[in-house]
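One structure is given below, encoded as structure tokens.
Values below: every heavy atom of this structure, side chains too, minus hydrogens, waters and symmetry copies. In this text, all values refer to a predicted model and were calculated from it rather than measured experimentally. Sequential numbering from 1 along the given sequence is applied to the chain's residues.
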Amino acid sequence: FAPATRDVLEKSGVAPSKLNMILKNAYEPLLSFFMPVTCRRKDKQTLIPCHVGEGLNATECLENKCCPSKTSHELKCYKPFKDNVQLTFRLLVLMAGVFLVLGCLPFCCCTCLQRSQCANPLRRANKEVEQIVQRKRAHSEDIYSLSLD
């Protein structure tokens with residue numbers, strides 16, 4: 001039984017790190033949506049070096065989610081800046097979509113509930129009318145059976 005226990009321990013030791021990587025990859029688009037960044041530098045912003053290595057070219061710099069510098073000869077890779085304008089635009093579009101869905105939701109619910117027999121009493125069969133119809137059918141069947149004899 002000892003080797004099987006060792007296999008289980010090895011697998012359980014590896015599993016949390018794989019799960020952590022999967023969760024990190026799943027939340028990355030969500031984080032990038034709510035934390036947009038840009039490489040456009042404004043006048044008073046200082047460049048913060050990106051700690052991915054020295055002497056990287058522009059492609060390697062972009063692959064490591066850093067911005068390549070075109071003007072500064074000292075700093076080749078720097079961290080991107082928060083893009084508050086893009087964040088504001090994304091939040092406005094998101095809120096407009098939410099309000100659109102919330103605005104259409106009552107109409108959709110009313111349409112579904114009007115067609116439902118449970119919620120709409122006019123859709124339910126009236127018991128008195130049902131009894132009258134059954135009596136008339138029974139009466140007409142009796143007349144039809146007498147005419148056949």
(message) Let me confirm one number: the OG1-NZ distance from Thr46 to Lys79, rounded to the nearest 0.5 Å.
(response) 11.5 Å
(request) To the nearest 0.5 angstrom, please state how far the CE atom of Met35 sits from the CG atom of Leu30. (result)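 With rounding to 0.5 Å, CE (Met35) is 11.0 Å from CG (Leu30).
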List the atom of [X], the atom of [Y], and the distance in Å for their closest heavy-atom pair.
X	Y	value
Cys67	Thr38	SG-O, 4.3 Å
Leu87	Pro36	N-CG, 3.6 Å
Gln45	Lys42	OE1-N, 3.1 Å
Glu28	Lys65	OE2-NZ, 2.6 Å

(request) Report the C-alpha distance between Cys61 and Cys50 in whole Å, list the side-chain angles of each, state the deciding distance to 0.1 Å, and finish with yes or no for disulfide (SG to SG under 2.5 Å). (result) CA-CA 9 Å; Cys61 194; Cys50 201; over 6 Å; no
(message) Please check if the number of heavy atoms outside Glu130 that lie under 6.0 Å from its CD is greater than 12.
(response)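 Count over threshold, so yes.
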Can you list, pair by pair, the side-chain donor-acceptor contacts under 3.5 Å of residues 88-108, counting residues two or more places apart and other chains?
| from | atom 1 | to | atom 2 | distance (Å) |
| --- | --- | --- | --- | --- |
| Thr88 | OG1 | Asn84 | O | 2.8 |
| Arg90 | NH1 | Ser32 | O | 3.0 |
| Arg90 | NH1 | Phe33 | O | 3.0 |

(request) Please confirm whether the backbone N or O of Cys66 pairs with a side-chain atom of Asn64, one donor and one acceptor, at under 3.5 Å? (result) no
(request) Using atom types as modelled and distance alone, determine if a side-chain donor or acceptor of Tyr78 lies under 3.5 Å from a backbone N or O of Cys39. (result) yes
(request) Tell me, with the steps shown, if Leu47 and Phe81 meet side chain to side chain contact (heavy atoms under 4.5 Å, CB included). (result) CA-CA 9 Å; Leu47 297 177; Phe81 305 106; 3.8 Å; yes
(message) Checking one residue: Leu113. Which other hydrophobic residues are in its cluster under the side-chain 4.5 Å linking rule?
(response) none
